[in-house]
Amino acid sequence: MTEPLVQERHWAVQKERGSFILMKFTATVARRLGRRALAPLLYLIVLYFFVSGRRARHSVQQYQTRLAEWSSRPALRPRLRSVFGQFMAFADCLLDRLDVWNGKLRLEQVELHDPSGVREQLLQSQNSGRGQILVCTHLGNLDVCRAMAELGDQVPLNVLVHTHHVGHFNRLLGEAGEHRMRLIQVSELDTALMMDLSQRIDRGEWLAIAGDRVPLHGGRCVTVDFLGHAAPFPQGPWLMAGLLRCPVNLICCLKVDGRYRIHLEPFLDTPAWERGQRDAAIRGWVQRYADRLAQRCLESPQQWFNFYPYWQAPNAETHDAR
């Protein structure tokens, strides 16, 4: 399958596809009748977006092609069934997200894989010490990671999001009554924001930020190798870690055999750089992160939910890195 060269607006300023009324109807059916009753309708909804979403289809084909070539696993090369399967996996993820925010997916239903004891650090930081940073990814289900906020005595978890990408789905989450996490809308790491984040870290709170979404207008990004090709990644999480001088941990949540597994692992103990070496240090950290993300993608190939030309070079207003 060919890989299209598409130049479109940045993901954060695109109008979200789909109807909010349709999304709300789907959420209501799932809540009242259960997921079994919703299955035929969900299939038709996904089929509609699959057929009409040429750009998304081609982007999934590109990702699956590069994952297959990078890993030397021909079985991962894109086929019609595998591309549609990634759309269906995303739809399943959305339904699980509704379960999370409606309290139907409980902590005991999620397996925590934490061999280095990051969870224990999370609990201790509430009473003593400083908070830390969780760098997450759009591999798997980000919302299931909300369970982290319920470990112990409601450890404060602040999630940094882009202002223009909150969108319709967050309205559904609000209607579901979810108020346990603090969402902090951010487009740039300005002085006021950094002071606020520093105070939160000093209080033992934790910060969560995605490591695989380039910010609005392509600012503060670095290009590294991802799945054998150059791809832009945000500098924000790593710049923030160095300025705040707090440890960084990686978190992702994959669905394996119908059950979610949260993976927690330490990444940087004392992020810092020598004078004049900031860019080099950040580039090294980002490359390490991209390498780790590539390995995780092999564990669940159809759960990397970025339906856009990810390897497109950043180019101001025309750059797209949803």
Next item on the list: Look at the aromatic rings of Phe307 and Phe305 and report parallel, tilted or perpendicular, splitting at 30° and 60°.
Entry: parallel
Margin query: For the residue pair Asp291 / Gln287, report whether a side-chain donor-acceptor contact shorter than 3.5 Å exists.
Written below: yes
Next item on the list: Taking Arg213 for its side chain and Gly211 for its backbone only, find out whether a donor-acceptor pair lies under 3.5 Å.
Entry: no
Note to self: Measuring only between side-chain heavy atoms, which start at C-beta, is Val118 closer than 4.5 Å to Glu265?
What the structure shows: no
Next item on the list: Indicate yes or no: at least one non-hydrogen side-chain atom of Tyr260 is less than 4.5 angstrom from one of Asp96.
Entry: yes
Notebook entry, point to check: Is any side-chain N of the basic residue among Arg66 and Glu69 closer than 4.0 Å to the acidic one's carboxylate O?
Noted result: no
Next item on the list: Kindly indicate whether the side chain of Leu298, heavy atoms from C-beta on, has any atom under 4.5 Å from the side chain of Trp70.
Entry: yes
Check: Do the rings of Trp273 and Trp285 sit parallel, tilted or perpendicular, given the 30° and 60° boundaries?
Finding: tilted
Notebook entry, point to check: Do Phe233 and Trp238 have their ring centres less than 6.0 Å from each other?
Noted result: no
Note to self: Using modelled atom types and a 3.5 Å cut-off, is there a donor and acceptor pairing between side-chain atoms of Arg57 and backbone atoms of Leu80?
What the structure shows: no
Next item on the list: Describe, in one word, how the ring planes of His263 and His113 are oriented to each other, choosing from parallel (under 30°), tilted (30 to 60°) and perpendicular (over 60°).
Entry: perpendicular
Checklist line | Evaluation steps, ring pair (Phe, Tyr, Trp, His ring centres under 6.0 Å), between Tyr43 and Phe84 | finding: CA-CA 10 Å; Tyr43 185 89; Phe84 183 71; 5.5 Å; yes
Next item on the list: Verify, without hydrogens or angle tests, whether Gln302 (side chain) and Ser82 (backbone) share a donor-acceptor contact under 3.5 angstrom.
Entry: yes
Checklist line | Main-chain N/O of Tyr289 paired to Arg292 side chain as donor or acceptor, under 3.5 Å | finding: no
Notebook entry, point to check: Would you call Phe226 and Tyr310 a side-chain contact if the rule is heavy atoms closer than 4.5 Å?
Noted result: yes
Next item on the list: Go through the side-chain N and O atoms of Asp212 and His138 and say whether any donor and acceptor fall under 3.5 Å apart.
Entry: yes
Next item on the list: Could you tell me whether a side-chain N or O of Asn141 sits under 3.5 Å from a main-chain N or O of Cys93, the two making a donor and an acceptor?
Entry: yes
Next item on the list: Locate the shortest heavy-atom distance separating Ile201 from Cys246; write the atom from each residue and the value.
Entry: CD1-SG, 4.1 Å
Next item on the list: Decide yes or no for Gln86 and Tyr63: does some side-chain heavy atom of the first lie under 4.5 Å from some side-chain heavy atom of the second?
Entry: yes
Note to self: Using only atom types and a distance under 3.5 Å, with no angle test, would you say the side chain of Ser71 pairs donor to acceptor with the backbone of Leu67?
What the structure shows: yes
Check: Quick one: does Ser198's side chain have a donor or acceptor within less than 3.5 Å of a partner on Met194's backbone?
Finding: no
